[in-house]
2 protein chains.
Amino acid sequence: MDSEFKKQELNVTGEGYLPGLAIDAVIFGFHENELKVLLLTYKNTGFFALPGGFIYENEDVNEAARRVLFHRTGLKDIFLEQFYTFGDKSRHDVEPLKTIMGARGFIPKDDHWLLGRFVSIGYYALVDFTKVNPAPDSISDSCDWFNLTDLPNLMQDHGNIISKALDTLRLDLDHKLIGFNLLPEIFTMGDLQSLYETILNKKLIRAAFQRKMLSMGVLERVAKKWTGGAHKAPYLYKFVSEKKA
Amino acid sequence: MDSEFKKQELNVTGEGYLPGLAIDAVIFGFHENELKVLLLTYKNTGFFALPGGFIYENEDVNEAARRVLFHRTGLKDIFLEQFYTFGDKSRHDVEPLKTIMGARGFIPKDDHWLLGRFVSIGYYALVDFTKVNPAPDSISDSCDWFNLTDLPNLMQDHGNIISKALDTLRLDLDHKLIGFNLLPEIFTMGDLQSLYETILNKKLIRAAFQRKMLSMGVLERVAKKWTGGAHKAPYLYKFVSEKKA
DNA sequence: TATTATTGTAACATATTGATACAATGAAAA
DNA sequence: TTTTCATTGTATCAATATGTTACAATAATA
């Protein structure tokens, strides 16, 4: 049982946290040509939710987001970006939470701090699927990858949050070099293209894609060549952050 | 004295508002080839600040932003978009507020709710300069337009907020049709181009700009022609929201 | 009526992206 | 070992988009 758990259970008033404010993290991964999202599962409730957390009184909001990300994935120095703050009053829906807490044997009073209205700051993260160690938080039973194309019913407005995160990812992909954050350190041009195709949900022209990517001067060919198919071996690449002018 | 004033002064505990949460609005205008921002002035303090406000307990955050915008400009149905939530703990700086309140003859206790830490949700708005009626709020002396190129010293991180709003505006300008929100209903191609040039801070090619804008099929030529110069009269345009397929 | 500055657009040059083609080649099959 | 096969890397050309120059049209002014 991790320390987060005790804090949440004991801290009946939510003391130490900024009141009414939460963080939700849409953690994207990529594996076997599928975009994936990390979700928490609450056994025997049928509920699924985004990993999230609260902000300590003397902590930057961005810091808190990093902390949440680290606890769910074991990763630091990850691409993480705030994309929207969800503040509709219609978000406020206590029933799922009551059910979840009930399933854990904890019946909260109606004025329990977790049952109040929360404004939630949404972050999205791009992680290397192979490096993640998904870990549930105190009130969830597991933390697993789900295909974006086959999501379960999500708590509250979490489906909407994911959808907005995906919109932002697609826009950002067009004018920032962020896709490689979803790949292992070393990858082929084919890997990169199918990543882009999966995110954008459309076929790209192979020759043009390769030409474009190489023209940006941020890919470095690695000596070693990939092997494993009955055909010419593709080059292996890694990203170099600084463009050489 | 508007009703907002009484609420803020009387409401010593900040009751009725979501705690620790605020809204800051970067309201852009365009006049005489200058981008402008609405700022509140606090006489005898040297402080300037973005218009802002708080969120009622049973109000959507976006609603609150519209309310703030309406109170400062008298305008409804305005382009307004959330762009970032500012949550660094270093934002917390009570001195300016104490000075401002002091200049108004109000010495707050150290635990006054306005002196606590706030997370602020940033919105930017694009308004028709000619239609705005700037109105100060309860604790400010005036609300005026300032040139973006010649801003006074701003309170707290408000300079940073404006700068991030401008970054967002520039990005959005490239892939959304939002510029016209800063112009009167009817304008010339020259007006539109100099607006774009001012926002992007670079010269654009006249022929290419015109071709591009016309090719998007969202400009409608208005019968009446502009007059006022010793040269061929330019067409007048207005935006039509629906593209005709 | 001539002058002048600016507009609308054509025409061409250059750059970017789309589409097709093909030689290179690494593994598996023959 | 040789042949077959699928896929890669890149060249080539086509289509589109953007940068550049040029010029006729024209509304106010002189």
Side-chain angles (χ1 to χ4, degrees), chain A residues 32-33 170-171 173-177 179-180 183-184 186-240 243 245, chain B residues 32-33 170-171 173-177 179-180 183-184 186-240 243 245:
Chain A
E32 290 174 344
N33 286 344
R170 282 179 177 152
L171 281 175
L173 199 62
D174 279 341
H175 49 90
K176 297 179 197 172
L177 288 163
F180 64 91
L183 293 174
I186 291 201
F187 51 87
T188 68
M189 192 58 74
D191 294 338
L192 190 61
Q193 185 176 340
S194 74
L195 169 67
Y196 270 70
E197 289 180 341
T198 305
I199 294 176
L200 300 174
N201 194 32
K202 68 173 177 188
K203 279 266 161 230
L204 300 174
I205 297 144
R206 189 175 63 90
F209 182 81
Q210 178 138 344
R211 182 176 50 198
K212 189 84 200 290
M213 285 296 154
L214 292 179
S215 78
M216 307 206 304
V218 292
L219 290 182
E220 189 180 302
R221 279 190 179 152
V222 174
K224 190 165 61 101
K225 291 198 178 188
W226 175 85
T227 172
H231 52 72
K232 181 175 177 178
Y235 285 104
L236 291 173
Y237 295 91
K238 66 174 181 181
F239 270 89
V240 291
K243 289 183 202 177
Chain B
E32 289 176 343
N33 285 345
R170 282 178 177 154
L171 282 175
L173 200 62
D174 280 341
H175 50 90
K176 296 180 198 172
L177 287 164
F180 63 91
L183 293 174
I186 292 201
F187 50 87
T188 68
M189 192 58 73
D191 293 338
L192 190 61
Q193 184 177 340
S194 75
L195 168 67
Y196 270 70
E197 288 180 342
T198 305
I199 294 175
L200 301 174
N201 196 29
K202 67 173 177 187
K203 278 267 162 229
L204 300 174
I205 297 145
R206 189 175 63 90
F209 181 81
Q210 177 137 344
R211 183 176 47 199
K212 189 85 200 291
M213 285 297 155
L214 291 179
S215 78
M216 306 205 306
V218 293
L219 290 181
E220 188 181 300
R221 280 187 178 154
V222 174
K224 190 166 63 102
K225 291 199 177 188
W226 176 85
T227 173
H231 52 74
K232 182 176 177 179
Y235 285 105
L236 290 173
Y237 296 91
K238 67 174 181 180
F239 270 91
V240 290
K243 291 183 201 175

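Only heavy atoms go into these numbers, but all of them, side chains included; no hydrogens, no water, no symmetry mates. A note on names: the letters A, B, ... follow the listed sequences, proteins ahead of strands, and every chain is numbered from 1.
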Once you round it to whole Å, what is the distance between [atom2] of [N] and [atom1] of [X]?
X	N	atom1	atom2	value
B:Lys202	D:dG19	NZ	P	8 Å
A:Phe209	C:dT16	CZ	P	18 Å
B:Met189	C:dT7	CE	C1'	11 Å
A:Leu219	D:dG9	CG	C1'	14 Å
B:Lys203	D:dT20	NZ	P	14 Å
B:Ile205	C:dA13	CD1	C1'	12 Å
B:Met213	C:dT7	CE	C1'	17 Å

* **Taking every non-hydrogen atom, the tightest pair across B:Tyr196 and B:Leu204** => CB-CD1, 3.7 Å

* Which sits closer to the 5' end of DNA chain D, A:Tyr237 or B:Ala208, going by the nucleotide each is nearest to? -> A:Tyr237

Closest to side chain of [X], choosing from [options]:
X	options	value
A:Lys232	D:dT18, C:dT9, D:dT8	D:dT8
A:Ala207	D:dG19, C:dA19, D:dG9	C:dA19
B:Arg211	D:dG19, C:dG8, C:dG18	D:dG19

* Asked: To the nearest 0.5 Å, how far apart are CD in A:Glu220 and CG in A:Leu236?
  ->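 The distance works out to 12.0 Å.
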
* Enter the distance from B:Asp191:CG to B:Leu195:CG here, rounded to the nearest 0.5 Å. => 9.0 Å

* Using a 4.5 Å cut-off on heavy atoms from C-beta on, say whether the side chain of B:Met189 contacts that of B:Tyr235. => no

* **Closest-nucleotide ordering on DNA chain C, the 5'-leading residue of A:Lys212 and A:His231** => A:Lys212

* Decide yes or no, distance alone: a donor-acceptor N/O pair under 3.5 angstrom between the base of C:dG8 and the side-chain of B:Arg206. =>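 Checked by distance alone, the answer is yes.
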
